Structures are given as structure tokens and as C-alpha cells.
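From a predicted model like this one, the values you see are computed outputs, not experimental measurements.
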Amino acid sequence: MIRKLQFSIPSQGNLLRGAVLRPAEAVGPNRTVIICHGFESNMRVTRKYAPIFNEVGYTVVIFDFTRSGSGTSTGDSTTMSVITEKQDLLNLMDYVKGLNCVDENHITLSGCSQGGLVAALAAGERPNEVDNLVLFYPGFSLPHYCRHGYLPDVKVDPYNIPETFWARKVKLGRVFLTDAMSLDPWKEIRPFEKPVLIIHGIEDEAVDIRYSELAEREYKNCKLIRVHGDHGLFRFGFSEAKRATQRELRRWDVEKILEDY
């Protein structure tokens, strides 16, 4: 059984809304994972990832980025970028660490697609505040794609970026591209030297798995698990990803116990 606590916090002049999903059997401050959703997504989608962690004892935090163009948080999507989402996540981390049910010394960051990139950037900025990373088909390709003007269902001239434009159902602004283009993701994630798990679908057509292979080489302590699955693991691959992730989470637990012994 899962206990649910909804919350709303200020973030960059907007309201960030989410929920804490805590196993009923958890006692006292508990290890916690924050799961970041991807582009044109929200916590209704990341909710299906919560049992991966709840079932092995984690408290789970799901939320909607502000300005995302989807979900329940507030904000103008034309001012959203990976950088603004990273700041949302850092603000959320500060809030979560103050909750009585959360062990602030054992916080995992997780994310799907663009949210995986955001989680990796936040961990790189605050490596001492994050226990480990679990990234599902992370969008490490985004800076490269943006430099060439490629976004979901739209091609934009990177040398003549319009003030606003649509990518699928999300209205974006110039800052989305300019912020992404300014990133050197490999340099920015490298400070994080704790365990990293990446799960990526071999049949992913939105984010080439080779970017996750690059990330595996850039991280000091990373394991990439390839599963048969599409981007988002919607059509197939989710069950395999769940089993693989839980296996690694349990392995990390054993290693932690042995370290502390």
C-alpha cells in the first residue's frame, strides 16, 4: 500500500506541483527518488515508474516541471528550457530534503528522456547531494539536435531562431534552443562519480542509444542496460526495464550495507 501526499511549492516565480508516494511500511526518514518527466509529458506518465522504486522500499517523488506546457504546474512554456527545468529540480531537492519522511543523505535522481538529461545536469552541479542516478532513455542528444535545429516534429533554423514556435503540442520560445545549444553535457555531468544506471531501448528512434553509450564512457561509475524497447517504453520493453532496474537497486543496497559494515 502506498501513502500519497500532494504538494505545491514556489519555483522561479511559478508553482511546482507534485506528489510524494511513500510505502505504507516505511518507518522514519526513508531513501527517496525524485523522477523527472520528459518533453511534452507530466507526472501522469512518470507515475508508472514509481512502483519500480516503491517495491524495493523507496519513497518516490513525482512532479510536473513549471512552464512545461503539460501537467498541473504553472508557467509560460515559451520561457522553458533544460536550464529552467534543472533549476526547478534543484529547488525541489531543497524542499524534499526538508520533509520528515525523507532521508536527505540518500536521495536518488531519476528521469525519462529530457528529464533524464535534467537529472544528470542537476547531479553534476550538486554531486554531494545525490546518492545515485537512474536514467531512462536520457536525452543526452538534445544539445546536438538543437544545434542542428531538430526538435520533435519540427525543424528550426538554429541561425535564425524565431521568438516562438511549436514542437508537437508545446509552444516553445527561443530560449529553449539557445540554452540547449550552450550546454556541454559531457563536461557538466562528469563531476558526478557515484553509481549511475542507464536503461535505454535498442529500438528507440527518438534518442539514439549511442548517446547513452557515450555517457557510459564519460561517467566514472556507470552501467548501461540495453533492453528491447521503443522511446518511452510504451509499446514494449517496460517490464524488462523494471526488472533490470530493480536488480541493480538491490545490488546497490547490498554494496552499501557491506561498505557500512
Test: [X] and [Y] ion pair at under 4.0 Å:
{"X": "K187", "Y": "E218", "answer": "no"}
{"X": "D153", "Y": "R168", "answer": "yes"}
{"X": "D64", "Y": "R17", "answer": "no"}

Is there a donor-acceptor pair closer than 3.5 Å between any side-chain N or O of [X] and the backbone N or O of [Y]?
{"X": "E203", "Y": "G229", "answer": "yes"}
{"X": "N42", "Y": "T72", "answer": "no"}
{"X": "K171", "Y": "F165", "answer": "no"}
{"X": "R250", "Y": "V56", "answer": "no"}
{"X": "R3", "Y": "R22", "answer": "no"}
{"X": "S68", "Y": "S70", "answer": "yes"}
{"X": "E188", "Y": "D184", "answer": "yes"}
{"X": "D204", "Y": "V207", "answer": "yes"}

*All salt bridge (Lys or Arg N to Asp or Glu O under 4.0 Å) counterparts of R247, not counting sequence neighbours*: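 Residues passing salt bridge (Lys or Arg N to Asp or Glu O under 4.0 Å) with R247: none at all.
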_side-chain contact (heavy atoms from CB on, under 4.5 Å) between V61 and T32, intermediate numbers included_ = CA-CA 7 Å; V61 178; T32 299; 3.8 Å; yes
*Using the side chain to side chain donor-acceptor pair (under 3.5 Å) rule, pick out the option among D253, N105, D103, T108 that qualifies with R31.*
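Of the listed residues D253, N105, D103, T108, the side chain to side chain donor-acceptor pair (under 3.5 Å) partner of R31 is D253.
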*When S11 is tested against each of D88, T84, T66 for side chain to side chain donor-acceptor pair (under 3.5 Å), which residue passes?*
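It is D88; the other options fail the test.
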_Go through it in stages, so that I can follow the logic: the residues are R174 and D179, the test is salt bridge (Lys or Arg N to Asp or Glu O under 4.0 Å), and I'd like the CA-CA distance, side-chain angles, deciding distance and then a yes or no._
CA-CA 9 Å; R174 179 179 294 174; D179 276 2; over 6 Å; no
Count the heavy atoms belonging to other residues, nucleotides or ligands that lie under 6.0 Å from [atom1] of [X], then report whether that count exceeds 12.
{"X": "N100", "atom1": "CG", "result": "no"}
{"X": "E205", "atom1": "CD", "result": "no"}
{"X": "R251", "atom1": "CZ", "result": "yes"}
{"X": "R44", "atom1": "CZ", "result": "no"}
{"X": "K48", "atom1": "NZ", "result": "yes"}
{"X": "K97", "atom1": "NZ", "result": "yes"}

Shared hydrophobic cluster, [X] / [Y] (ILVMFWY, side-chain heavy atoms < 4.5 Å):
{"X": "L109", "Y": "F7", "value": "yes"}
{"X": "L121", "Y": "Y211", "value": "yes"}
{"X": "L197", "Y": "Y219", "value": "no"}
{"X": "L183", "Y": "F192", "value": "yes"}

_Within 45 degrees of the ring normal and closer than 6.0 Å to the centroid, is that where the cationic atom of K155 sits relative to Y150?_
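Yes, K155 sits over the ring of Y150.
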When rounded to the nearest 0.5 angstrom, what is the spacing between [atom1] in [X] and [atom2] in [Y]?
{"X": "H200", "Y": "E216", "atom1": "NE2", "atom2": "CD", "result": "12.5 Å"}
{"X": "N91", "Y": "N14", "atom1": "CG", "atom2": "CG", "result": "11.0 Å"}
{"X": "L233", "Y": "E240", "atom1": "CG", "atom2": "CD", "result": "9.0 Å"}
{"X": "I199", "Y": "Y49", "atom1": "CD1", "atom2": "OH", "result": "10.0 Å"}
{"X": "I9", "Y": "L15", "atom1": "CD1", "atom2": "CG", "result": "9.5 Å"}
{"X": "Y95", "Y": "I34", "atom1": "OH", "atom2": "CD1", "result": "11.0 Å"}

Tell me the closest heavy-atom pair linking [X] and [Y], and the distance in Å.
{"X": "N30", "Y": "G57", "result": "ND2-O, 2.9 Å"}
{"X": "C146", "Y": "A180", "result": "SG-CB, 3.6 Å"}
{"X": "L224", "Y": "S212", "result": "CD1-CB, 3.9 Å"}
{"X": "P138", "Y": "L117", "result": "CB-N, 4.3 Å"}
{"X": "C36", "Y": "L89", "result": "SG-CD2, 3.7 Å"}
{"X": "L90", "Y": "E125", "result": "CD1-OE2, 3.4 Å"}

*Please report the C-alpha distance between R226 and E213 in whole Å, then the side-chain angles of each, then the deciding distance to 0.1 Å, and finally whether the salt bridge (Lys or Arg N to Asp or Glu O under 4.0 Å) criterion is met.*
CA-CA 10 Å; R226 300 163 178 82; E213 293 169 346; 3.4 Å; yes
Classify the ring geometry between [X] and [Y] as parallel (under 30°), tilted (30 to 60°) or perpendicular (over 60°).
{"X": "F65", "Y": "H37", "result": "perpendicular"}
{"X": "F53", "Y": "F136", "result": "perpendicular"}
{"X": "F140", "Y": "W186", "result": "tilted"}

*With L151, which of F39, W166, F176 fulfils side chain to side chain contact (heavy atoms under 4.5 Å, CB included)?*
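It is F176; the other options fail the test.
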_Please evaluate residues K242 and E55 with respect to the criterion salt bridge (Lys or Arg N to Asp or Glu O under 4.0 Å), reporting the C-alpha separation (whole Å), side-chain torsions for both, the decisive distance (0.1 Å), and the verdict._
CA-CA 10 Å; K242 179 179 179 179; E55 290 174 8; 3.0 Å; yes
*asked:* salt bridge (Lys or Arg N to Asp or Glu O under 4.0 Å) for K169 and E40? Distances and angles first, verdict last.
replied: CA-CA 7 Å; K169 296 181 181 180; E40 197 189 26; 5.7 Å; no
*side chain to side chain donor-acceptor pair (under 3.5 Å) between E193 and N221: does it pass, once the steps are laid out?*
CA-CA 6 Å; E193 298 183 351; N221 184 3; over 6 Å; no
*Of F236, F238, Y137, which meets ring pair (Phe, Tyr, Trp, His ring centres under 6.0 Å) against H231?*
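With H231 as partner, ring pair (Phe, Tyr, Trp, His ring centres under 6.0 Å) holds for just one option, Y137.
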*Evaluate the side-chain contact (heavy atoms from CB on, under 4.5 Å) criterion for residues V60 and T46: first the C-alpha distance (whole Å), next the side-chain angles of each, then the deciding distance (0.1 Å), finally the verdict.*
CA-CA 10 Å; V60 175; T46 50; over 6 Å; no
*Begin from the C-alpha positions of L177 and V156 and carry the test side-chain contact (heavy atoms from CB on, under 4.5 Å) through to its verdict.*
CA-CA 9 Å; L177 262 77; V156 177; 4.1 Å; yes
*For L135 and S110, what are the C-alpha separation, side-chain angles and deciding distance, and is it a side-chain contact (heavy atoms from CB on, under 4.5 Å)?*
CA-CA 5 Å; L135 308 177; S110 181; 5.9 Å; no
